A.B. asks: 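Take a look at this one; I'll ask things after.
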2 protein chains.
Amino acid sequence: MKPSNTTNLNSAEETEDLSVYFDMGVSVTNVLYGFEDEQLKVFIQKISRYPYEGAWALPGVLIKSNEGLENKSREIAEECFGNGDVYLEQLNAFGKIYRHPLGRVIDIAFYGLINMERDINSYRTDKEFKWIPVTEVPELAYDHNEILELARQRLKRRIVNRPIGFKLLPEEFTLTELQSLYEQILGRSLDKRNFRKKVLKLDVLLEKGRDENNDSPGRNPLLYKFNKERYNHYMENGF
Amino acid sequence: MKPSNTTNLNSAEETEDLSVYFDMGVSVTNVLYGFEDEQLKVFIQKISRYPYEGAWALPGVLIKSNEGLENKSREIAEECFGNGDVYLEQLNAFGKIYRHPLGRVIDIAFYGLINMERDINSYRTDKEFKWIPVTEVPELAYDHNEILELARQRLKRRIVNRPIGFKLLPEEFTLTELQSLYEQILGRSLDKRNFRKKVLKLDVLLEKGRDENNDSPGRNPLLYKFNKERYNHYMENGF
DNA sequence: TCAAAAGTGTTTCCCTTACACCCATGC
DNA sequence: GCATGGGTGTAAGGGAAACACTTTTGA
């Protein structure tokens, strides 16, 4: 994958040395969302060395020239959770010239939805990490707060257009849990009756009986399961 | 902007040579839309040399490590039209490993809306170029057809959420022209009465009298102008 | 006088929103 | 028996979609 100097490039000027174009770094960064204790959380880890020793950051890594972008994003998830088979979507490129202290690095950010019950096989042991509620995210290294803000906006838009919320919930969940997830992501409270009407009309939920292992007061809630067939049908034919 | 080898990177392994990460190229590619003769068109140019001699492609260029992404996108517009002050938005990164024959190149694609009447000061003379209707775009070099497809989808989504259509029309335009633009972008025909109701209710148009220089049969159409104050008001307070 | 384009209202339906009370259960 | 959370229906308003004829002008 080394550049060749024997030919000219479409966009390069006449007989310029191509190597001046091939000195950049590319990194991939993941915004990984999870839902736990009725809170939307994001996965961050501590940087151990220069120049951000001790700072928190989103998981990310420089790629080599034979590594694919989405692949790398999956590898990062794999490193974090022992599982790269999760929902991931490209966000945007972040390319401010001085965003990285060691050279010019273009960052390609992805966001992912992690199911805390099913997607996590193991946690990495080589770094300090944590799931932090999105409302309590500290200052992060690089431009990672900016990336997070864009991810937040994207997730907000996606959640109302596609029923991806299920990807963050356990196999079986109550409508109250689902509503709480939506409220966290949208940042506002929703009307209980209207929410239920809407989501049930979508017809992507299967009723799975009542939750009998419930120690909270009040009626035992109905459990629902996500209906993959209906979802796929919608994805093919539109909502 | 050369990488330093005296320190370690967050994501790099213990004492690895950092230079292996800094051998990639980054390019910026523009999808530039224009509207002319009641047709949505895109700007393409001919590549003159290896390895795509004679092929058509979107305007794009490799960047150097001290050049910003959006800046470069504006520079490309500047080269094409003598004007870089146009509407531009980042689309996505395209990073397939073998998308570029000369080395690993990550492409950051932008799309832009070009006003054929006001945005174009001059055309470049160093390359063969043309405005081609989006329905007649040929096979393009690299993965540019893919980029174009993504741009199409993005524009389709944007046009219904924001009144950016005005950016493609002359200073004064008729509702029929505006509708035609929307139909081209959305790829389907719209009901004339419903379209007019909707766009007039938005309250971002100013009536500017009748078009008296009209040699087509039928009534002379009313001309409208885009109302920037109302538009800015909406952008700040939502639609 | 005819062909071509401009312009104009009404009805139906569905989605959204607002809103308040009863039910089951644990303590 | 009371506190806590689960669960339910209706009415009003607004936006989307369907639909056809009259007016103006040039040739």
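Just so you know, these numbers come straight off a predicted model, no measurement behind them. Numbered from 1 within each chain, the chains take letters A, B, ... in sequence-line order.
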A.B. asks: Does anything in residues 193-215 of chain A form a ring pair (Phe, Tyr, Trp, His ring centres under 6.0 Å)? List the pairs, not counting sequence neighbours.
C.D. replies: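 Every ring pair (Phe, Tyr, Trp, His ring centres under 6.0 Å) pair that includes a residue of residues 193-215 of chain A, provided the two are not neighbours, is A/Tyr182-A/Phe195.
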
A.B. asks: Considering only nitrogen or oxygen atoms on both sides, find all protein atoms under 3.5 Å from nucleotides 23-27 of chain C and state each distance.
C.D. replies:
residue: C/dC23; atom: O4'; partner: A/Arg219; partner atom: NH2; Å: 3.0
residue: C/dC23; atom: O3'; partner: A/Arg219; partner atom: NH2; Å: 3.1
residue: C/dA24; atom: O4'; partner: A/Arg219; partner atom: NE; Å: 3.4
residue: C/dA24; atom: N3; partner: A/Arg219; partner atom: N; Å: 3.3
residue: C/dT25; atom: O4'; partner: A/Gly218; partner atom: O; Å: 3.4
residue: C/dT25; atom: O2; partner: A/Gly218; partner atom: N; Å: 3.0

A.B. asks: What's B/Thr176 touching, base or sugar-phosphate or nothing? Going by heavy atoms closer than 4.0 Å.
C.D. replies: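 The answer is sugar-phosphate, as B/Thr176 gets under 4.0 Å only of primed atoms, P, OP1 or OP2.
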
A.B. asks: Between A/Lys201 and C/dC14, is there a contact of a side-chain N or O with OP1 or OP2 at under 4.0 Å?
C.D. replies: no

A.B. asks: Show which side-chain atoms of residues 159-171 of chain A pair as donor or acceptor with protein atoms under 3.5 Å away, not counting sequence neighbours.
C.D. replies:
residue: A/Asn161; atom: ND2; partner: A/Arg157; partner atom: O; Å: 3.2
residue: A/Glu171; atom: OE1; partner: A/Arg118; partner atom: NH1; Å: 3.2

A.B. asks: Taking only residues at least two apart or on different chains, which pairs with a member in residues 30-42 of chain A satisfy salt bridge (Lys or Arg N to Asp or Glu O under 4.0 Å)?
C.D. replies: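 Sorted result for residues 30-42 of chain A: A/Glu36-A/Lys41, A/Asp37-A/Lys41.
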
A.B. asks: Return the value, rounded to whole Å, for the distance between atom CG of B/Leu200 and atom C1' of C/dG7.
C.D. replies: 11 Å

A.B. asks: Rounded to the nearest angstrom, tell me the gap between atom CG in B/Leu190 and atom C1' in D/dC19.
C.D. replies: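 My rounded result for the distance is 15 Å.
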
A.B. asks: Without decimals, in angstroms, what is the distance between B/Gln179 CD and C/dA5 C1'?
C.D. replies: 12 Å

A.B. asks: Would you call A/Arg124 and A/Glu79 a salt bridge, using N to O less than 4.0 angstrom?
C.D. replies: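 Judged by the 4.0 Å cut-off on N to carboxylate O distance, A/Arg124 and A/Glu79 do form a salt bridge.
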
A.B. asks: According to the salt bridge (Lys or Arg N to Asp or Glu O under 4.0 Å) rule, which pairs have a member within residues 142-153 of chain A, sequence neighbours left out?
C.D. replies: A/Lys96-A/Glu146, A/Arg99-A/Asp143, A/Glu149-A/Arg152

A.B. asks: Table please: side-chain donor-acceptor pairs of residues 185-192 of chain B below 3.5 Å, with sequence neighbours left out.
C.D. replies:
residue: B/Asp191; atom: OD2; partner: B/Arg193; partner atom: N; Å: 3.1
residue: B/Asp191; atom: OD2; partner: B/Asn194; partner atom: N; Å: 2.9
residue: B/Asp191; atom: OD2; partner: B/Asn194; partner atom: ND2; Å: 3.4

A.B. asks: Please name all residues satisfying salt bridge (charged side-chain N to carboxylate O under 4.0 Å, His left out) with B/Glu128, sequence neighbours left out, ordered by chain then number.
C.D. replies: B/Lys46

A.B. asks: Taking ring pair (Phe, Tyr, Trp, His ring centres under 6.0 Å) as the definition, give me every residue that meets it alongside A/Tyr234, ordered by chain and number, with sequence neighbours left out.
C.D. replies: A/Phe239

A.B. asks: Can you check nucleotides 9-13 of chain C for protein contacts, nitrogen or oxygen pairs under 3.5 Å, and list what you find?
C.D. replies:
residue: C/dT10; atom: O4; partner: B/Lys197; partner atom: NZ; Å: 2.7

A.B. asks: Applying ring pair (Phe, Tyr, Trp, His ring centres under 6.0 Å), can you list everything that pairs with A/Phe43, at least two apart in sequence or on another chain?
C.D. replies: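 Here the qualifying residues are A/Phe81, A/Phe129, A/Trp131.
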
A.B. asks: Please report, rounded to the nearest Å, how far the C1' atom of C/dA6 is from the CZ atom of B/Arg196.
C.D. replies: 6 Å

A.B. asks: Looking at D/dG15, C/dG7, D/dG7, which one has an atom nearest to any side-chain atom of A/Leu222?
C.D. replies: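 Output: D/dG7.
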
A.B. asks: Write down the protein N/O and nucleotide N/O pairs, taken from nucleotides 12-14 of chain D, whose separation is under 3.5 Å; answer none if there are no such pairs.
C.D. replies:
none

A.B. asks: Sequence neighbours left out, cut at 3.5 Å: what donor-acceptor pairs do the side chains of residues 198-209 of chain A make with other protein atoms?
C.D. replies:
residue: A/Asp203; atom: OD2; partner: A/Arg230; partner atom: NE; Å: 3.1
residue: A/Asp203; atom: OD2; partner: A/Arg230; partner atom: NH2; Å: 3.4

A.B. asks: Between atom CZ in B/Phe195 and atom P in C/dG7, what is the gap in whole Å?
C.D. replies: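 Atom CZ in B/Phe195 sits about 13 Å away from atom P in C/dG7.
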
A.B. asks: A/Arg74 and A/Glu78: salt bridge (charged side-chain N to carboxylate O under 4.0 Å, His left out), yes or no, with the steps?
C.D. replies: CA-CA 6 Å; A/Arg74 293 198 181 282; A/Glu78 166 86 33; over 6 Å; no

A.B. asks: In whole angstrom, give the distance that lies between atom CG of B/Leu178 and atom P of C/dG7.
C.D. replies: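 It works out to 13 Å between those atoms.
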
A.B. asks: Examine C/dA20: is either OP1 or OP2 under 4.0 Å from a nitrogen or oxygen in the side chain of A/Lys192? Give yes or no.
C.D. replies: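 Answer no for this pair, as no side-chain N or O of A/Lys192 is under 4.0 Å from OP1 or OP2.
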
